[in-house]
Amino acid sequence: MQELYELTDRLVGDQSLIQATLSQPRSKEAGSAGKVTVKPIALKGEPFYQFSAYIGTKVQHENVPQAEAARKLADWLGSSFRQGLLQAGEADYQVLLSKKGKLAVLKKPPTKQAAEGLPQAHNRKKRYELEEGVPVPFLVELGIMNAEGKVLAKKYDKFRQINRFLEMIADVLPHLPEGRKLHIIDFGCGKSYLTFALYHYLHVSRGLDIQIVGLDLKEDVIRFCNGLAQRLGYERLRFLVGDIADYDELERVDMVVTLHACDTATDAALDKAVRWNASVILSVPCCQHELFAQVKSEVLSPLLQHGILKERFSALATDALRAKLLELVGYRTQLMEFIDLEHTPKNLLIRAVKAGKPPAPAERAKLAAEYKQFRQFIHADPYLEHALDGLLNLETADSD
């Protein structure tokens, strides 16, 4: 085994290891890893190696400092697997271990470029939460992957969108309560690609105690989603037929997701989320028609006289007003690109997290004044302002 330790010491020590894949496990007992991948990453500018153990449908990640990674890689390969592929800039090393522990190392031409080696903080190689080549049951069922984990060409944009969504979920995890079950609602869930992704990421991969409800008006869609959840064994995920404004099953919800709820249905979902005091709100608005009929301004007439420009301006203005209203009721908001504009024009996501404390009176008065000034300038009368009546106290700004 000395040869194996020398090999891992050299590849990790000079940072030439690009990726390692350990396969053919010695044990097939429940709870044993069927495969382990190792990749270099940078954490706060320091070199680490991420060990990802695939156990059934779950993935367990461990970030190991460079000084410890070589020994861990050799120990894991030598004790738990019969085969390893160590890919470096100068060559691929195929490591084979017999049942009796006899070692063979085959050196082959490199299949990965050295440029994909240890990423620095400013140029880290893109890594998806759901990796291609690793079958994910819900993606296979939804026709995004085949049984071998290959993403189908026509579904690659959807695969990228799902991963982009999970990146945003990862960012807001610190804002969710700890030590209890998390209640999550997805309004207007549709076919629920992202709802299933959310469940897989939070419960299957992260092991969090959650309960997710998907809500949509289409009975056939809900029937399909419930059937798929049952086939996947997603016991903490269920789907209901219903309208956003009428849903009252829960008294407390921790995260509200609303993706492409049309026009003021988005506002109804935001109103529900605020009244639940949800810690996290993620909303991709759609079909923002309300302000199109309201907005007018002599100053903006060169823009508003063109229907397509007025439509786009109205949509942006709607989301700007929504974000400001959420700030007024105690949220920190961001407007983010959800997916590249080339794939869909409906690419903005409102991400709001509950602030630790409400804005100070002076700051709140400033927010209210900004909101009212903009709303008056474009002659808007937003649905969400009326829905949140009683929580806003806009009189803190100058009177109309």
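On a predicted model such as this, the values are computed, not experimentally measured, just so you know. For reference, positions follow the sequence shown, starting with 1.
Sorted by first and then second residue, the salt bridge (charged side-chain N to carboxylate O under 4.0 Å, His left out) pairs with a member in residues 273-289 read Asp271-Arg275; sequence neighbours excluded. Sequence neighbours left out, the pairs with a member in residues 235-246 that pass salt bridge (charged side-chain N to carboxylate O under 4.0 Å, His left out) are Asp209-Arg236, Arg238-Glu249. Sorted pairs that involve residues 289-312 and meet salt bridge (charged side-chain N to carboxylate O under 4.0 Å, His left out), not counting sequence neighbours, are lacking altogether. Sorted by first and then second residue, the salt bridge (charged side-chain N to carboxylate O under 4.0 Å, His left out) pairs involving residues 68-77 (not counting sequence neighbours) are Glu62-Lys72. The list of ring-ring contact (aromatic ring centres under 6.0 Å, His included) pairs with a residue in residues 140-185, not counting sequence neighbours, reads Tyr128-Phe159, Tyr156-Phe159.
At distances below 3.5 Å, not a single donor-acceptor pair connects side-chain atoms of Gln83 with backbone N or O atoms of Leu22. With Thr8 contributing its side chain and Tyr5 its backbone, the two residues share a donor-acceptor pair below 3.5 Å. Using a distance-only test at 3.5 Å, with no hydrogens or angles considered, no donor-acceptor pair links the side chain of Trp276 to the main chain of Met255.
Hydrophobic side-chain contacts under 4.5 Å tie Leu106 into a cluster, directly or through other members, with Leu96.
Under the salt bridge (Lys or Arg N to Asp or Glu O under 4.0 Å) criterion, Arg206 pairs with no residue, sequence neighbours left out. Under the ring-ring contact (aromatic ring centres under 6.0 Å, His included) criterion, His203 pairs with Tyr199, not counting sequence neighbours. Qualifying salt bridge (Lys or Arg N to Asp or Glu O under 4.0 Å) partners for Glu132, counting only residues two or more places apart in sequence or in other chains: none. Contacts of His289 classified as side-chain hydrogen bond (donor to acceptor under 3.5 Å, both in side chains), with partners at least two apart in sequence or in another chain: none. Every residue two or more places apart in sequence or in another chain that forms a side-chain hydrogen bond (donor to acceptor under 3.5 Å, both in side chains) with Arg180 is listed here: Asp254.
With hydrophobic clusters built from ILVMFWY side chains whose heavy atoms lie under 4.5 angstrom apart, Leu85 does not share a cluster with Ile18. Hydrophobic clustering (ILVMFWY, side-chain heavy atoms < 4.5 Å, transitive): Leu237 and Phe224 are in one cluster.
Tested against Leu166 for a side chain to side chain contact (heavy atoms under 4.5 Å, CB included), the candidates Leu202, Asp171, Leu130 yield a single pass: Leu130. Checking each of Arg10, Lys107, Lys108 against Glu90 for a salt bridge (Lys or Arg N to Asp or Glu O under 4.0 Å) leaves exactly one that passes, namely Arg10.
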Do any side-chain atoms of residues 318-330 form donor-acceptor pairs under 3.5 angstrom with protein atoms, and if so which ones, sequence neighbours left out?
unit_1: Thr318; atom_1: OG1; unit_2: Ser314; atom_2: O; d: 2.6
unit_1: Asp319; atom_1: OD1; unit_2: Arg322; atom_2: NH1; d: 2.9
unit_1: Asp319; atom_1: OD2; unit_2: Gln288; atom_2: NE2; d: 3.1
unit_1: Arg322; atom_1: NE; unit_2: Asp267; atom_2: OD1; d: 2.8
unit_1: Arg322; atom_1: NH2; unit_2: Asp263; atom_2: O; d: 3.2
unit_1: Arg322; atom_1: NH2; unit_2: Asp267; atom_2: OD2; d: 3.0
unit_1: Lys324; atom_1: NZ; unit_2: Glu370; atom_2: OE1; d: 3.0
unit_1: Glu327; atom_1: OE2; unit_2: Thr333; atom_2: OG1; d: 2.9

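Between Pro25 and Ala33, the shortest heavy-atom distance links the atoms CB-O, 3.5 Å.
A donor-acceptor contact closer than 3.5 angstrom is absent between the side chains of Asp381 and Gln294.
Remark: Lys39 is not positioned above the aromatic ring of Tyr49, lacking an NZ or CZ atom under 6.0 angstrom from the ring centre and at most 45 degrees off the axis.
The aromatic rings of Phe196 and Phe239 are tilted relative to each other, their planes meeting at an angle between 30° and 60°. Between Phe81 and Trp76, the ring planes lie tilted relative to each other; the angle falls in the 30° to 60° range.
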Apply side-chain hydrogen bond (donor to acceptor under 3.5 Å, both in side chains) to Gln87 and Tyr93, showing your working.
-> CA-CA 6 Å; Gln87 297 169 285; Tyr93 296 90; over 6 Å; no
